[in-house]
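Keep in mind that what you see is a predicted model, and the values were worked out from it rather than measured. In what follows, residues are counted from 1 in the order of the sequence shown.
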Amino acid sequence: MSGEVLNAQDGNGTVNRVIRMGTRKSQLARIQTDYVAEKLKTLYPDVHLEIVAMSTIGDKILDTALSKIGEKSLFTKELENALERNEVDLVVHSLKDLPTTLPNGFTIGAVLQRESPHDAVVLHPKNSGLTLDTLPDGSVIGTSSLRRAAQLKKRFPHLEFKDIRGNLNTRLKKLDEKEDYAAIILAAAGLKRMGWEARVSQVLGPEDCMYAVGQGALAVEVRARDCDILEMVSTLHHSETVLRCIAERAFLRRLEGGCSVPVAVNTEVKDSVLSLTGAVYSLDGADSLKEAMETNVDPGNKLESAADMQHVGVTAHNVPQCAQVAAEKLGVDLADLLLSKGAMEILTTARKLNDAR
């Protein structure tokens with residue numbers, strides 16, 4: 001138990017816990033943190049929650065594509081530093097921002113139920129009613145994601161793709177107030193959380209664009225030694241999302257992918273079967289490898305080990321260990337299959353080309 005957590009007295013002299021929640025300063029990050037805070041407040045009415053907002057490297061460097069900065073923890077490092085210094089007790093992240101290997105002493109104590117993990121097309125108002133298929137030849141699409149660009153270049157060869165940086169508000173402003181972009185591609189989950197679903201003109205299914213590892217899911221990162229905080233946030237875990245994201249993160253970790261390489265996934269759980277489709281792409285999308293595998297995640301009557309196990313950074317005591325083991329193995333096995341077919345060559349070339357851009 002952390003001795004650093006503050007206590008506060010209410011008017012009746014009762015001592016209540018004060019839990020400090022770290023977050024990025026962007027509007028979306030604040031909305032996501034408030035959402036988690038509300039859930040915790042409902043479950044633990046006696047806990048006082050304080051929100052501590054801070055800027056990260058990724059928030060400060062706005063003129064460079066994320067994949068060019070070459071830092072895997074762009075949106076998380078400052079938050080983790082605050083966690084390490086006991087300035088905050090937990091941090092709320094978009095799971096897709098969290099590297100697959102966390103610094104020592106930290107763990108993901110909760111993975112909340114996933115919003116739509118898919119990408120969405122937001123059109124310039126003058127292109128209202130069109131789709132990526134029907135936009136004129138040479139139309140410029142804004143995305144700072146190599147994964148999105150690689151898939152969409154191959155799928156929609158008549159379009160051009162250019163980097164666009166900034167938080168959601170900034171990117172929408174760049175789209176609407178200038179003529180630089182015909183459309184931009186954003187995560188559907190972020191748009192929904194901001195209340196901007198009306199701007200979504202098209203949601204891209206897996207046949208057009210598979211999503212990023214962990215996309216659409218929120219994660220709560222804590223100090224692994226803080227058993228009380230870990231126990232508190234673990235009630236937020238959503239079992240199916242946990243298993244899907246463990247498989248996705250294990251796949252990415254085995255491939256050693258990050259922001260600087262195009263890796264995409266698609267997962268689902270149906271009748272206790274977890275299926276994972278994973279792919280790697282060259283920067284132009286011309287070269288790609290894509291495979292699918294599945295595994296049974298029904299705990300059955302297997303005895304559960306009480307081991308304090310993390311799976312790709314996730315600690316979830318309330319999700320059957322055998323299911324977590326199967327999910328992690330699925331991700332590793334699928335990555336190994338792609339590696340046996342030449343995935344590393346594609347990714348190494350993509351990384352070199354991106355570094356040279």
Side-chain angles (χ1 to χ4, degrees), residues 94-96 98 100 108 110-120 145 147-148 150-152 154-155 187-189 203-219 237-257 261-281 285 288-302 304 309-314 316 318-344 346-347:
S94 292
L95 181 57
K96 72 171 181 174
L98 271 175
T100 50
I108 297 164
V111 179
L112 283 76
Q113 183 167 3
R114 198 174 208 165
E115 274 286 358
S116 164
H118 299 290
D119 291 314
S145 157
R147 170 191 59 82
R148 290 170 182 151
Q151 293 180 83
L152 297 173
K154 187 169 188 186
R155 175 73 181 77
V203 174
L204 298 170
E207 63 289 341
D208 287 332
C209 192
M210 295 204 303
Y211 42 83
V213 165
Q215 185 159 319
L218 297 182
H237 269 309
H238 180 253
S239 296
E240 182 181 305
T241 305
V242 168
L243 295 175
R244 289 172 64 188
C245 291
I246 284 175
E248 293 172 16
R249 285 172 62 80
F251 173 72
L252 182 62
R253 181 155 84 181
R254 190 68 158 195
L255 291 174
E256 297 181 336
V261 289
V263 173
V265 293
N266 191 73
T267 49
E268 69 174 330
V269 177
K270 202 172 178 182
D271 301 328
S272 296
V273 173
L274 169 62
S275 56
L276 167 66
T277 304
V280 299
Y281 302 89
S288 66
L289 280 171
K290 179 174 165 183
E291 293 289 345
M293 290 175 100
E294 57 184 39
T295 190
N296 192 314
V297 288
D298 179 4
N301 296 318
K302 294 181 191 171
E304 286 300 305
M309 286 198 63
Q310 282 195 37
H311 296 277
V312 273
V314 179
N318 47 353
V319 177
Q321 276 294 331
C322 56
Q324 294 184 61
V325 169
E328 184 169 0
K329 185 177 186 304
L330 177 67
V332 171
D333 288 349
L334 186 64
D336 284 342
L337 177 60
L338 288 184
L339 289 168
S340 74
K341 297 189 170 197
M344 195 45 72
I346 292 176
L347 293 177

Peer 1: Do Glu291 and Thr277 come within less than 4.5 Å of each other through their side chains, counting heavy atoms only?
Peer 2: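 They are not in side-chain contact.
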Peer 1: Is there a donor-acceptor pair closer than 3.5 Å between any side-chain N or O of Gln151 and the backbone N or O of Met210?
Peer 2: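 Yes.
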Peer 1: For His238, check side-chain hydrogen bond (donor to acceptor under 3.5 Å, both in side chains) against everything at least two apart and list the hits.
Peer 2: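 Partners of His238 under the side-chain hydrogen bond (donor to acceptor under 3.5 Å, both in side chains) test: Thr241.
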Peer 1: Are any of the side-chain heavy atoms of Arg147 and Gln215 separated by less than 4.5 Å?
Peer 2: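 Yes - at least one pair of side-chain heavy atoms lies under 4.5 Å apart.
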Peer 1: Treating Asp271 as the side-chain partner and Val273 as the backbone partner, does any N or O pair qualify as donor plus acceptor under 3.5 Å?
Peer 2: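 No: the side chain of Asp271 does not pair with the backbone of Val273.
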Peer 1: Is it the case that the side chain of Tyr211 and the backbone of Thr267 share a donor-acceptor pair, with hydrogens and angles ignored and the cut-off at 3.5 Å?
Peer 2: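 At least one qualifying donor-acceptor pair exists.
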Peer 1: Heavy atoms, side chains only, cut-off 4.5 Å: are Glu256 and Leu347 in contact?
Peer 2: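 With C-beta onward as the side chain, the pair stays apart.
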Peer 1: Judged by atom type as modelled, is there a donor-acceptor pair below 3.5 Å linking the side chain of Gln324 to the main-chain atoms of Ile246?
Peer 2: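 Here the side-chain-to-backbone pair does not exist.
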Peer 1: Does any non-hydrogen side-chain atom of Leu243 lie less than 4.5 Å from one of Val319?
Peer 2: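 Sidechains of Leu243 and Val319: in contact.
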Peer 1: Are any non-hydrogen side-chain atoms of Thr295 and Asp333 less than 4.5 angstrom apart?
Peer 2: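 Not in contact.
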Peer 1: With distance as the sole test, does Ser94 use its side chain to make a donor-acceptor pair with the main-chain N or O of Lys96 at under 3.5 Å?
Peer 2: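 Not a single qualifying donor-acceptor pair exists.
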Peer 1: Among side-chain atoms of Thr100 and Arg253, is any donor-acceptor pair under 3.5 angstrom?
Peer 2: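 Note: Thr100 and Arg253 side chains miss the donor-acceptor criterion.
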Peer 1: For Arg254 and Ala335, indicate whether the former's side chain and the latter's backbone hold a donor-acceptor pair under 3.5 Å.
Peer 2: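 The answer is no, because no donor-acceptor pair under 3.5 Å joins these two groups.
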Peer 1: Would you say that Leu95 contacts Glu248 through its side chain, given a criterion of any heavy-atom pair below 4.5 Å between the two side chains?
Peer 2: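 Side-chain contact under 4.5 Å: no.
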Peer 1: For Lys290, what residues pass the salt bridge (Lys or Arg N to Asp or Glu O under 4.0 Å) criterion, not counting sequence neighbours?
Peer 2: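 Scan of Lys290 (salt bridge (Lys or Arg N to Asp or Glu O under 4.0 Å), adjacent residues dropped) gives none.
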